[in-house]
Amino acid sequence: MDQDFLLSTPTAKWLYHEVAEKMPIIDYHCHINPQEIAEDRKFNNISEVWLGGDHYKWRQMRFGGIPENVITGDADPKEKFRAFASVLPKLIGNPMYHWSHLELKRVFGIEEPLTADNADEIYEKCNEVLAKYSARELMRKFHVTAVCTTDDPCDDLHWHDVIAKDETMEIKVLPAFRPDKAVNIEKEDFADYISQLSQVTGRTIQCTEDVAEALCDRIDFFAAHGCLCADHGLDYCMYEKPDKAMADHAFQMAMEHKCPEKKEADAYKTMVILACAKKYVKENWVMQIHFGCLRNNNKPQFAKLGADTGYDAVNSRSGVENVAPLLNAFTENEGLPKTILYSLNPCDNTALVTIAGCFQGDGIVGKIQQGSGWWFNDNRTGMRSQLIELANNGMLGCFVGMLTDSRSFLSYTRHEYFRRILCELIGEWVESGQYPEDKQQLKNLVEDICYNNTNKYFDFQV
């Protein structure tokens, strides 16, 4: 993993070192806690910033037979670091091996591979270096210019207010609207959440239309705090012809803590998302739709640890066939926003790119995007597959590029990983004669995919 890691051709090396490596980072989808940025958190040890909340690493530690107490429990931080170090050498071919060593190299200056044998020495060295960094200083180290966190509609955005008023903070930190709890009606906590939404908005919520209006109120609130995008997480992409009676019956069932029929639940979801999408158009927001995840599969562990702890998988029934009718419904409702589509199932790549091609227009470059390789696909194979499919059936030059989707301030190396893979792929095409060796055009392409397209698409103005 030297300076030419993943770069095998002269063109790839030139593109990365002279172009991509120098570009700043916009991380338009992450799960960093804005409070940690507002308070400029200092971390006590490497395990806090590296292993805390990182379900990617937790999954691999479980594969390696590490006891749960050492993964998510109250074990000593040094013991947790040793445990991860013991399984890391087994992760040949896994992006976690690459990400982890890039993080160790870029932040801590660690050049040697991490193993059980040198874990204690590296732990101490990392802690010594980490003492010099705060959350904001880590962001600055990676030349981050803007990030979007992930925020519930009921959030008061207090910490975003604190950051916005801090004149010492030059990095844009904006909220992103995540209304999943109001949309995913089949979840057990739906009724409780609607009560919370009612309290926050001061609205009496008795039907589907009331939910949509309450969410639109919160969209206004988020827009006033600089929000530029929304993100919808769906287990599967659904579409059901809008039917108020069906949707309202599903709503009443759910409010009584009963599970509605799938057809009625989908009618509810479709109506709410239609209303949100139309509002996003008025605000000029970007809408992200993530779908195709089979969540919380290990029920006993979910009961102990909750969501987002490493028990999710790819959903083979992603609902990709409903993406086109859903986008068409947005269009017919005069409410098709700029949209980024992500499926966790890599088999959906071709479908998503070709569906996106059916809904371009309005003078917007790449209005409907296929998102980067997401979650189980943000590895070398998944990223290359997504880039190749986008190039084959869409327009790679208008792609909005990579994001971290992470809770860690060290994860910006995922942008480096993506950029190396991008430059390697373009280098292959150039040196096999599939694209001219025109350095200016190549420079423009890579700069745009790494940064410029994202800046313009979301209107970050950084």
Side-chain angles (χ1 to χ4, degrees), residues 1-7 13 16-17 20-22 24-25 27 30 32 36 40-61 63-64 66 70-71 75-144 378-380 402 404-421 423-424:
M1 294 177 65
D2 61 9
Q3 66 175 358
D4 293 330
F5 173 56
L6 297 178
L7 308 171
K13 294 172 185 178
Y16 180 73
H17 293 303
E21 188 175 22
K22 299 177 180 180
I25 288 174
D27 198 30
C30 74
I32 285 174
E36 296 183 348
D40 202 15
R41 179 180 175 182
K42 295 279 286 188
F43 298 92
N44 295 316
N45 55 70
I46 177 64
S47 295
E48 275 189 8
V49 69
W50 216 37
L51 302 176
D54 191 341
H55 57 79
Y56 284 77
K57 291 188 176 78
W58 294 350
R59 284 174 66 94
Q60 301 310 325
M61 293 171 78
F63 266 118
I66 304 300
V70 180
I71 302 172
D76 182 79
K78 193 170 190 176
E79 184 182 359
K80 292 184 176 185
F81 186 84
R82 286 170 175 162
F84 182 66
S86 73
V87 303
L88 190 58
K90 300 175 184 178
L91 291 175
I92 184 171
N94 191 296
M96 183 59 63
Y97 191 86
H98 298 147
W99 295 345
S100 297
H101 285 100
L102 285 173
E103 289 163 1
L104 289 172
K105 180 179 285 193
R106 296 292 172 250
V107 178
F108 304 101
I110 306 294
E111 296 286 343
E112 65 268 28
L114 174 62
T115 67
D117 294 334
N118 62 12
D120 285 2
E121 177 187 347
I122 289 179
Y123 180 82
E124 298 301 335
K125 184 174 180 179
C126 286
N127 289 345
E128 182 180 339
V129 174
L130 191 61
K132 304 172 185 176
Y133 287 103
S134 65
R136 296 185 188 185
E137 287 162 346
L138 287 170
M139 297 172 78
R140 292 182 181 116
K141 183 173 181 62
F142 288 102
H143 199 183
V144 176
D378 53 8
N379 50 62
R380 183 174 180 271
M402 189 56 178
T404 66
D405 192 27
S406 171
R407 291 163 175 79
S408 172
F409 289 94
L410 301 180
S411 294
Y412 298 111
T413 53
R414 295 183 190 181
H415 285 263
E416 174 184 345
Y417 194 58
F418 167 82
R419 291 174 181 185
R420 287 178 179 273
I421 291 167
C423 292
E424 169 69 358

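Numbers here are sequence positions counted from 1. The shown structure was predicted, so the numbers you read here are calculated from the model rather than taken from an experiment.
By the 6.0 Å contact criterion, NE2 on His143 is open, its count of non-hydrogen atoms from other residues, nucleotides or ligands being 12 or less. In this structure, Arg380 places its CZ atom where only 12 or fewer heavy-atom neighbours from other residues, nucleotides or ligands lie under 6.0 Å away. No more than 12 heavy-atom neighbours from other residues, nucleotides or ligands sit within 6.0 angstrom of CD on Glu128.
Using modelled atom types, one side-chain atom of Arg419 and one backbone atom of Ala20 make a donor-acceptor pair closer than 3.5 Å. A donor-acceptor pair is defined here as one N or O able to donate and one able to accept, closer than 3.5 Å; such a pair exists between the side chain of Ser408 and the backbone of Val49. The backbone N or O of Tyr123 sits nowhere less than 3.5 Å from a side-chain atom of Asn45 that would complete a donor-acceptor pair.
Side-chain contact between Phe84 and Ile66: absent, with no pair of heavy atoms (C-beta onward) separated by less than 4.5 Å. In this structure the side chain of Pro113 never reaches within 4.5 angstrom of the side chain of Met1, judged on heavy atoms. Looking at Leu114 and Phe81, their side chains come closer than 4.5 Å, going by heavy atoms from C-beta outward. You'll find the side chain of His101 reaches within 4.5 Å of the side chain of Leu88, heavy atoms only. At a threshold of 4.5 Å between non-hydrogen side-chain atoms, the residues Glu36 and Phe409 count as touching. In this structure, Asp27 and Met139 have side chains that are not in contact, with every pair of non-hydrogen atoms separated by 4.5 Å or more.
With respect to Glu137 and Lys141, no salt bridge is recorded, no charged nitrogen being found less than 4.0 Å from a carboxylate O. A salt bridge links Arg41 and Glu48; the closest N-O separation between the charged side-chain nitrogens and carboxylate oxygens is under 4.0 Å.
Taking the six-membered ring where the residue is Trp, the centroids of Trp50 and Phe43 are separated by 6.0 Å or more.
Counting all heavy atoms, side chain and backbone alike, Lys80 lies closest to Met61 at O-CE, 3.9 Å.
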### Message
As a quick check of understanding, evaluate side-chain contact (heavy atoms from CB on, under 4.5 Å) for Glu124 and Lys78, giving each step before the final call.
### Response
CA-CA 9 Å; Glu124 298 301 335; Lys78 193 170 190 176; 3.1 Å; yes

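For the residue pair Ser411/Thr404, the side-chain donor-acceptor check at 3.5 Å is not satisfied.
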Show me the donor-acceptor pairs, under 3.5 Å and distance only, between side chains in residues 91-99 and residues at least two apart or in other chains.
{"unit_1": "Asn94", "atom_1": "OD1", "unit_2": "Met96", "atom_2": "N", "d": "2.8"}
{"unit_1": "His98", "atom_1": "ND1", "unit_2": "Tyr417", "atom_2": "OH", "d": "2.8"}

